[in-house]
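As a basis for the values below, the full set of heavy atoms in this structure was taken, side chains included, without hydrogen atoms, waters or symmetry mates. Letters A, B, ... mirror the listed sequences (proteins, then strands); counts begin at 1.
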Amino acid sequence: MIHIKDLTKEYKSKKNTVIGVDHVNLDIKKGEVFGIVGYSGAGKSSLLRCINLLERPTSGQVEVNGSDLTKLNGKELRKARLKIGMIFQHFYLISQKTVAENIAFALKAASTPKEKIKSRVSELLEMVGLTDKRDVFPAQLSGGQKQRVGIARALANDPAVLLCDEATSALDPNTTLAILRLLKKINKELNITIVLITHEMNVVKEICDRMAVMQDGRIIEEGDVYDIFSKPQTELTKEFISSVVSFDVPKSILDACKGSVVKVLFRGDVAGEGVISDTIQLFEVSGNFLRGSIEYIQERPLGLFLMEIQGQPDNISRAITYMESRGAQVEVIENGL
Amino acid sequence: MGFDFQHMIELLPDITLAFNQTLYMIGIALSVSLIIGLPLGIILFTTDRGLFLENRFVKTTLGFIVNMVRSVPFIILLVALIPLTKLIVGSTIGPAAASVSLSVAAIPFFARIVETSLREIDKGVIEAAVAVGATPWMIIKDVLLPEAKSSIIQGITLTIISLVAYSAMAGVVGGGGIGDLAIRFGYYRYDNTIMIVTVVILIVLVQLIQLLGDWTSKAIDKR
Ligand SMILES: Nc1ncnc2c1ncn2[C@@H]1O[C@H](COP(=O)(O)OP(=O)(O)O)[C@@H](O)[C@H]1O
Ligand SMILES: [Mg+2]
C-alpha cells in the first residue's frame, strides 16, 4: 500500500542543514495499523508528512496506492490526497465553520455534488458519534470531540490510507482510549490502512499490528508489535517498552534477595503460572514473585514476571533450563550465588 | 474668540458639505482599497515561503512596490499623482480627484493589514486543508477568509480611521472635507467655532467607526 524507498528529508536554512529523515525504507501493507514511535525530534512527523507530500522529500520515493507521489503535478497530487486522510495532534479544524461545514469542506475538495454532501456528512457524523453536534462550532467541543470531527473530515472521501500525527497526544487517557478504539473500528470495518506516529508506547500496544522505532531520522527497529514487545533488539526500544511494562523494583527489595533474580517472559498461549509452579515442584527451589503482569498485545497474552529463585545452585540453573524448554525466555538479572 | 453658536448655525451648510465630501472620499478610497488591497494582501501571504502558492518572484516584486508606495509621504503622493488623477478623473481638483491619491495610499496599507491578519491563522489549519486535497481557491475562500474575517474587519476599521486623517490633507488639491474645513477656517482664520465643531465631528466619527468595527469583529467571531 505504501512503499517508501530511500527517503531523505533535509531542512536547509542559510546557516545549516537539519536532517529530518535519513535514508528510510519502509513498506506498509494494505489494511494494517502501522505505528512509528520515537522521541520528539526523531523525525516521525517529517516521515509522515512525506507520505502525503506535505513535505517534499529531498530524495527518494514515496509510493502510495500504486502511484509515485513525487512525480505528480499539482492537480494530480491534489487528487491523490483525496485518498489519503490525515489527522493531527491539534485537530486543525476551521474555527469559523460548524462541524458539518468542516466535514463538507473535504467533500467539496472532491467536487461532491451539493445534494450528496448533506447525506454524506450525516453518515460521517454518525460514524464518529457526533450526530448531535452537527451545527456547533469547534470552540464548543471537547478535545476528543474535535478529534472525531478531524477523523470524519479525513474519512470524507473514502481514503485508502489514514495518517495520524500524534492524534491522541493532546487528549486525556480515557479519551485517548476511545479515539484509539474508533481508529481500530475504522481500520477493521472500512479496511483503511492506518499509519500513526506517537511517542507513547501505549498507543502502539493498543492498536498497532506492526511498528517501527525511529531515532535521529532513521528507523532502528521494525517488526510485528508482539515480537518487538517480547524481544526488543535495541536499548531505545527497551526503554519505550519499559514505559508500558515496567520491571522496576525498589533497590532495597533487590538487595534483600538472597537467591537469583530472574526475568521470565512467556509468549502467547504458554501458561506461565503453570510452568512456574511445575518448576518449583520439580527442582526443589522456592520462587518468590517480585513483580509481574500479563499484557495483552493484539489480543495475545504476554506474561512477564520478575522473581527470586532460592535453592541449590545446581537446581536453580536446571530450573532455568527447564523453564526455557517450556517456552519461557529467562534472563538472569542478579546471580545470588 | 470663543464658541459662537450663531456662527455655527450660519456655517451649517458648509459643515454639511464638508462632511459629505469626507464621506465621499473615504467611501471611494475604501471601496478601491478593498477591491484591490484584499486580493493583493492574499497574494502577499500565499506566495510566501512554505505556503501553497509559494512564488519568490511575485512575493518580492509586490512586496517592493507596496513598501515603495507606503514610504512616500501622503502629501507628496497627492502632488505626484496629479497626472494619474487627470487621466482617471479628468480633473485634478475636487473630492473625486483627491480620492485617487487616497486610494493609492490606502491599497498598500490595507494589503499589508490583510497579510498580517492572514499570518495570524494557525499554519496547521491551512496545512490540514492542503492535506484534504483542496484547491488554492477553496483554501482562500473557505479557510483563509473565514478564519481572518474578524481580524480583517479590525483592519478595515483601522484603514477607515487612517483615511479620515489623510483626507484632511486633501485640501491641497481642493478636495474639501471636514479636515480641510478645520484647516482653512479654524487654523488659518482663527475661527474657534469651526475648529471646535470640526474637531468634535472628527472625534465622534472616529469613535463611532471604532465602536462599530469592534462590535462587528466580535459579533462574527465563532472562537
Ligand atoms: N519545517 C522545519 N524546518 C526545519 N527543521 C525542521 C522542520 N521540521 C522538522 N525539523 C527538524 O527535523 C527534525 C525532525 O523533526 P520532526 O519530524 O518534527 O520530529 P518528531 O515528529 O519525531 O518530533 C528535528 O530536528 C526538527 O527540528
Ligand atoms: Mg512530531
Side-chain angles (χ1 to χ4, degrees), chain A residues 11 13 45 48-49 51-56 72 74-99 101-112 135-141 149-150 152-157 159 161-163 165, chain B residues 38 42-43 45-60 114 117-156 213 215-223:
Chain A
Y11 297 99
S13 71
S45 295
L48 194 76
R49 294 157 55 83
I51 297 180
N52 63 357
L53 245 63
L54 274 185
E55 297 294 354
R56 191 160 276 279
L72 302 183
K75 200 175 164 195
E76 293 164 334
L77 181 59
R78 279 201 293 277
K79 213 169 152 208
R81 279 178 178 147
L82 296 173
K83 296 293 170 191
I84 310 174
M86 189 169 194
I87 57 174
F88 307 85
Q89 177 175 7
H90 300 296
F91 326 118
Y92 297 144
L93 304 177
I94 305 169
S95 69
Q96 307 292 333
K97 289 196 181 276
T98 64
V99 167
E101 287 167 342
N102 264 280
I103 301 171
F105 177 75
L107 292 164
K108 276 198 247 168
S111 315
T112 315
D135 298 316
V136 153
F137 287 94
Q140 292 148 267
L141 298 177
V149 179
R153 174 176 65 181
L155 297 181
N157 298 312
V161 176
L162 177 62
L163 308 175
D165 190 344
Chain B
L38 184 67
I42 293 172
I43 295 171
F45 174 71
T46 53
T47 52
D48 211 358
R49 216 180 137 216
L51 273 142
F52 55 93
L53 292 178
E54 178 171 347
N55 187 325
R56 208 144 154 206
F57 176 75
V58 172
K59 169 89 190 170
T60 30
V114 170
S117 299
L118 295 174
R119 230 177 263 293
E120 285 164 19
I121 301 172
D122 191 334
K123 285 273 181 341
V125 177
I126 300 170
E127 231 170 49
V130 172
V132 146
T135 59
W137 172 240
M138 267 191 74
I139 299 176
I140 291 168
K141 186 168 75 67
D142 285 339
V143 181
L144 298 189
L145 292 181
E147 292 295 273
K149 198 167 50 182
S150 186
S151 166
I152 289 177
I153 297 230
Q154 294 275 18
I156 293 175
W215 182 83
T216 318
S217 146
K218 252 214 193 84
I220 59 165
D221 195 356
K222 307 295 185 204
R223 266 171 299 181

Step through the atoms of chain B and chain A and list each donor-acceptor pair whose separation is under 3.5 Å.
from: Glu127(B); atom 1: OE1; to: Arg49(A); atom 2: NH1; distance (Å): 2.6
from: Glu127(B); atom 1: OE2; to: Arg49(A); atom 2: NH2; distance (Å): 3.0
from: Asp142(B); atom 1: OD2; to: Lys108(A); atom 2: NZ; distance (Å): 3.1
from: Glu147(B); atom 1: OE1; to: Ser95(A); atom 2: N; distance (Å): 3.1
from: Glu147(B); atom 1: OE1; to: Ser95(A); atom 2: OG; distance (Å): 3.0
from: Glu147(B); atom 1: OE2; to: Ser95(A); atom 2: N; distance (Å): 2.9
from: Glu147(B); atom 1: OE2; to: Ser95(A); atom 2: OG; distance (Å): 3.1
from: Glu147(B); atom 1: OE2; to: Gln96(A); atom 2: N; distance (Å): 2.8
from: Asp221(B); atom 1: OD1; to: Gln96(A); atom 2: NE2; distance (Å): 2.6
from: Lys222(B); atom 1: N; to: Gln96(A); atom 2: OE1; distance (Å): 2.9

For the student: nearest non-hydrogen atoms of Leu82(A) and Val132(B), plus distance: CD2-O, 3.4 Å
Side chain, backbone, both or neither: which part of Phe88(A) has a non-hydrogen atom closer than 4.5 Å to chain B? side chain
Need one label for Ile121(B): side chain, backbone, both or neither, based on atoms under 4.5 Å from any heavy atom in chain A. neither
Leu54(A) portion near chain B, given a 4.5 angstrom heavy-atom threshold: side chain
Does any heavy atom of chain B fall under 4.5 Å from the side chain of Leu163(A), the backbone, both, or neither of them? neither
Region of Leu93(A) in contact with chain B, defined by heavy-atom distances below 4.5 Å: backbone
